[in-house]
Amino acid sequence: MMAEPTRSSEKMWGGRFKEATAASVEAFSASIHYDARLYRHDIMGSKAHARMLARQGLITEVECEAILKGLTEIEAEIHRGEFVFRPELEDIHMNIEKALTDRIGPAGAKLHTARSRNDQVNLDFRLYLRDEADQLATLLVEVQRSFARLARKYMGVVMPGYTHLQRAQPVLLAHHLLAYVEMFQRDRDRVADCRQRTNVMPLGAAAMAGTGLPIDRRSVAEELGFAAVTANSMDTTGDRDFALEFLFCLSVIQLHLSRLSEELVLWSAKEFEFIRIGDRYCTGSSIMPQKKNPDIPELIRGKTGRVTGALMALLMTVKGLPLTYNRDLQEDKEQVFDALDTVKASLALTAELLDHSEFNVERLRAATHGGFMTATDLADYLVRRNMPFRQAHGVVGRIVALCQERNCELVDLTLAELQRFSELIEADVFEVLSVDGSVNSRISEGGTGSARVAEALLRVERSLGIES
Ligand code: ARG
């Protein structure tokens, strides 16, 4: 709910002003329409601040109790959707403080003792992002679990691995799926790392120089579960590194989702037909009755521009700012909120969509024929018989050229034909030329050999708490 504007004498900073603020200025500078979502964290921070003020004798116990009670009531009111947000009070901080003072009188006016909105907004944002980091971690785990379940279901299924989107070497589908588990694991680690640097308590920096009042920052940090307090009040009020890092984490997550989405789009095309996405996660065409379109992966891919755009926007906002706080910094939250909403929705949908998709095992295997995908295996075979790799590469290249001329596969050549290229080739070569032989031979650590992939899957399942 939004209310009518008021005169500037009613503004919390109105004392030195003779004129009312221009309506255009109020409209342009208000952030309440998006920073209202910080209300729980703003109140959490204010409560911790009030308790500290009381401990330090800066307000009385009675005043502190009134503040805490008032804030609890305001929080419930906002939660119920009954609180009236006033744009002329600019932001969530002043909306809540004004409502508190209206409600409890002079004690409310003491809440802002030894505090500025400059350190307050920094605190709120850090508290908010800490919670969001935890939610992101949960969503990332869900996506990883979906991949691990698919890997288990399709263990043993072969498919082409690609470089340059050209068939390269046969791999296990499970290996391909587990590659995404690794990507999202790095995302989890990155978010956890970013959370650590976010988890530092800024309150007490005040406007930017600290305060002469006898506050106790460490006790506030402890109450709010922060690991440390920020070291320099000037750095603190001008710092948005944590928000930038957070946006970078979000960008990489969305990038990973986008790469997956690209594969889902390709794989569901008739040309590939590797996957069938459940009807519930596809849409149709308004004109072509036969169409079933992968709009969800397309949208996820498309929204990547928006998330990386948010990162670029904040980088540019911070770029030319002199120390310390500048109002430019108010531009930080909307970008982060939008990116967060986008990434969270994309993660949740990806997990659902994977859970409702089926792979076409026959098509995947069929695609491993054609493309000479075991050519490297043949070169390695010659290397094992002591031929220098570069020479083996040349020999196999010439064999491939012959196959191309004849329009046949490596396995279609006879032993005698192969031996014309090198006498090192013997009857056991055909094992090496088969798709399964190729896959199973790749037992180097991290390779696609069945034994390696089985180990990797077990490790992943254990770390994700999946019973196998
Ligand atoms: N709404 C402001 C922001 O998001 C809060 C801090 C405003 N401080 C100030 N001195 N105007 O950054």
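Order of listing sets the numbers, starting from 1, for every ligand and every atom in it. The chain is numbered in sequence order, starting from 1.
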Is it true that K333 lies under 4.0 Å from ligand 1, counting heavy atoms only?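 It does, in that a heavy atom of K333 comes within the 4.0 Å cut-off of ligand 1.
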
Salt-bridge present ([X], [Y]; N to O < 4.0 Å):
X: K98; Y: E88; result: no
X: R115; Y: D119; result: no
X: K270; Y: E273; result: yes

Heavy-atom donor-acceptor pair, R126 side chain to M201 backbone, under 3.5 Å: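 Flag not set: sc R126 to bb M201 has no pair under 3.5 Å.
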
Return the residue, atom name and 0.1 Å-rounded distance of the protein heavy atom closest to [atom].
atom: atom 3 (C) of ligand 1; answer: Y325 OH, 3.3 Å
atom: atom 5 (C) of ligand 1; answer: D91 OD2, 3.4 Å
atom: atom 8 (N) of ligand 1; answer: N118 OD1, 3.0 Å
atom: atom 11 (N) of ligand 1; answer: R117 NH2, 3.5 Å
atom: atom 2 (C) of ligand 1; answer: Q330 OE1, 3.4 Å

Any heavy-atom pair between the side chains of F274 and P160 that's under 4.5 Å?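 Sidechains of F274 and P160: in contact.
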
If the cut-off is 4.0 Å to any non-hydrogen atom of S31, which atoms of ligand 1 fall inside it?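 Going through ligand 1 atom by atom, the ones under 4.0 Å from S31 are 1 (N).
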
Please work out whether the ring planes of H356 and Y281 are parallel, tilted or perpendicular, with thresholds of 30° and 60°. tilted

